[in-house]
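This chain uses plain numbering: 1 for the first residue, then up along the sequence. The structure displayed is predicted, hence computed values, not measured ones.
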Amino acid sequence: MRFLIPLVLVACGSQSAPTTAVADTPQEESVVASWKGGKVTMSELEAEIGNRLVTMEQEYLLERYELMSRALDGAVDDALLEAEAKDRKMDDVRALLSAEVEQKITMPTEGEIAEFYGEVAGQLRGASLDEVKPMLTAELMQRRMADRYDEYMKELRKAKGVKSKLPYPDLARVELAVTDTDPVLGKRDAPVTIVQFAEYQCYYCNKVSPTLEALLKDYDGKVRLVFKDYPLENHTRAMPAAVAARCAGEQGRYWEMNKVLLGNQQALSDSDFDAYAERIGLDRAAFTSCLQSGRSEPLVRAAFSEGQRAGVQATPTFFVNGLLVSGAQPYDRFKAVIEQELEKR
């Protein structure tokens, strides 16, 4: 029996945005509507709604892939859990999961609950911490349960030597430039480029960080990561945080600041930036001067505009060699695209 973990969101917010791809023009001009003195051709119709059609097609292909991936994961997980429970002479899978999941998580502390309250207070319509504490505690426990389940299944898959290869959908590639002003981790001539559109008040932008770190380690020299700012309008401290990271980058400490900001999403005030600058060893005067000058803000806005043109609608959004990977997907989702791209070389 499968251990049921509810599906969770993998992206923060949404923003209506166009996509750069357009539908192919039919080889033969066909008239789809006509009247005295006028007509509408198929090419004109597709030019009018081409971007929307391409977006719909890509969303369908990705949803189909996700459905197949979940079905494959579920089938593998069921078989592994049944076999492991039998090998360990346990009554059933529930006993195994109780031992490996439920009994290995802890209750959230008062501080953790208060921090979580700060993250979601805007959605609680003025409810006090005491009023919603049971609900917040249950949600945190559910998240911990899901995280531990994922961790255990990774351990079990590794121990059993599981290998799976589900072809990634054939999506239209999005052309994205990588310039000298873009923060890059990994070799600049790596054959696979992961472009990440993200921001610093997005929970899932931080949640996916360990996955990205693991990919860069496992594919050292073969994968590079490019961070492009995409501060959402409803996150008022996302833009200042992006500017702070850029200013740290002027002193060669972009990624150190990036990590600190993502890990402290509820502490993004100007005074917090100063504290982080000291923590990572920045020249405080130069950092403050950069913040006050505003010279980094155009770079952030340029990255945001680039994301809009690429069709980004939520954070985080990734493009692996131009192929869309939407949201904070697990390691294996990225691996499937990376392996597919490396095989083409």
Side-chain angles (χ1 to χ4, degrees), residues 9-20 115 118-123 174 176-185 194-209 211-212 225-251 253-277 280 282 287-288 290-319 324-329:
L9 296 175
V10 295
C12 298
S14 64
Q15 184 120 2
S16 179
T19 178
T20 54
E115 182 179 357
E119 293 176 11
V120 300
Q123 306 170 35
V174 176
L176 293 167
V178 180
T179 70
D180 291 338
T181 62
D182 289 320
V184 176
L185 270 181
I194 301 176
V195 175
Q196 175 188 18
F197 285 91
E199 53 117 283
Y200 295 101
Q201 282 187 283
C202 167
Y203 168 79
Y204 295 101
C205 294
N206 183 47
K207 185 175 176 60
V208 76
S209 294
T211 296
L212 299 175
L225 174 66
V226 182
F227 191 97
K228 289 183 181 286
D229 297 296
Y230 202 80
L232 299 174
E233 293 179 358
N234 60 319
H235 289 166
T236 58
R237 296 303 296 174
M239 171 61 83
V243 170
R246 293 275 183 171
C247 286
E250 289 189 0
Q251 299 184 45
R253 295 285 191 277
Y254 178 87
W255 291 103
E256 291 87 340
M257 183 65 84
N258 173 282
K259 185 173 184 177
V260 172
L261 294 173
L262 283 172
N264 294 275
Q265 296 180 344
Q266 301 308 307
L268 298 177
S269 67
D270 291 345
S271 61
D272 291 322
F273 297 156
D274 289 339
Y276 302 151
I280 65 176
L282 296 184
F287 178 71
T288 301
C290 176
L291 291 178
Q292 294 176 346
S293 72
R295 60 177 175 266
S296 293
E297 189 168 326
L299 296 175
V300 176
R301 295 193 181 282
F304 182 84
S305 296
E306 187 177 8
Q308 286 187 307
R309 292 192 297 272
V312 174
Q313 299 184 42
T315 56
T317 292
F318 300 90
F319 294 93
L324 175 65
V325 177
S326 182
Q329 298 295 339

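- When the salt bridge (Lys or Arg N to Asp or Glu O under 4.0 Å) test is applied to Glu250, the partners found at least two apart in sequence or on another chain are Arg295.
- Residues meeting the side-chain hydrogen bond (donor to acceptor under 3.5 Å, both in side chains) test with Gln266, sequence neighbours left out: none.
- Cys12 has its SG atom 2.5 Å or further from the SG atom of Cys205.
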Item checked: Check against side chain to side chain contact (heavy atoms under 4.5 Å, CB included), Met257 and Phe287 -> CA-CA 12 Å; Met257 183 65 84; Phe287 178 71; 4.0 Å; yes

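- Considering only residues two or more places apart in sequence or on other chains, Glu256 meets the salt bridge (Lys or Arg N to Asp or Glu O under 4.0 Å) condition with none of them.
- Once rounded to the nearest 0.5 Å, the distance linking CG of Leu212 with CD1 of Ile194 reads 6.5 Å.
- Going from atom CZ of Arg309 over to atom CG of Leu176 covers 9.5 Å, rounded to the nearest 0.5 Å.
- Take Asp272 and apply the salt bridge (Lys or Arg N to Asp or Glu O under 4.0 Å) test, not counting sequence neighbours, and it matches no residue.
- Under the 3.5 Å distance criterion, the side-chain polar atoms of Asn258 are left unmatched by any main-chain donor or acceptor of Tyr254.
- Across Ser326 and Gln329, no two heavy atoms sit closer than the pair O-NE2, 2.7 Å.
- Ring pair Phe197/Phe319 is perpendicular by interplanar angle, where above 60° counts as perpendicular and below 30° as parallel.
- Partners of Cys247 according to the disulfide (SG to SG under 2.5 Å) rule, which considers only residues two or more places apart in sequence or in another chain, are Cys290.
- Listed here is the closest heavy atom pair of Tyr230 and Val312: OH-O, 3.1 Å.
- Between Asn264 and Val260, the shortest heavy-atom distance links the atoms ND2-O, 2.7 Å.
- Identified under the salt bridge (Lys or Arg N to Asp or Glu O under 4.0 Å) test for residues 236-249, with sequence neighbours left out: Asp229-Arg246, Arg237-Asp270.
- Within the model, atoms CD of Glu306 and CZ of Arg301 stand 16.0 Å from one another, a figure rounded to the nearest 0.5 Å.
- A donor-acceptor contact shorter than 3.5 Å is absent between the side chain of Gln251 and the backbone of Leu282.
- Here the CE atom belonging to Met239 is positioned 10.5 Å from the OG atom belonging to Ser296, to the nearest 0.5 angstrom.
- Here CD of Glu199 is found 11.5 Å from CG of Leu261. Values are rounded to the nearest 0.5 Å.
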Next item on the list: Before giving the answer on side chain to side chain contact (heavy atoms under 4.5 Å, CB included), spell out for Thr288 and Gln292 the whole-Å C-alpha distance, their side-chain angles and the decisive distance to 0.1 Å.
Entry: CA-CA 6 Å; Thr288 301; Gln292 294 176 346; 3.5 Å; yes

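- Residues Tyr200 and Leu268 come closest through the heavy atom pair O-CD1, 3.7 Å.
- Of all non-hydrogen atoms in Gly263 and Asn206, the two that sit nearest each other are N-OD1, 3.9 Å.
- Between the CD atom in Gln196 and the CG atom in Leu225 there is a gap of 5.5 Å [rounded to 0.5 Å].
- The shortest non-hydrogen separation linking Phe304 to Pro231 is CE1-O, 3.5 Å.
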Next item on the list: Apply the test side chain to side chain contact (heavy atoms under 4.5 Å, CB included) to residues Phe227 and Leu185: give CA-CA distance (whole Å), side-chain angles for both, the deciding distance (0.1 Å), then the verdict.
Entry: CA-CA 9 Å; Phe227 191 97; Leu185 270 181; over 6 Å; no

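- Side-chain atoms of Gln265 come within 3.5 Å of backbone atoms of Cys202 as a donor-acceptor pair (strictly under, hydrogens ignored).
- When ring centroids are compared, Phe318 and Tyr204 stay outside the 6.0 Å threshold.
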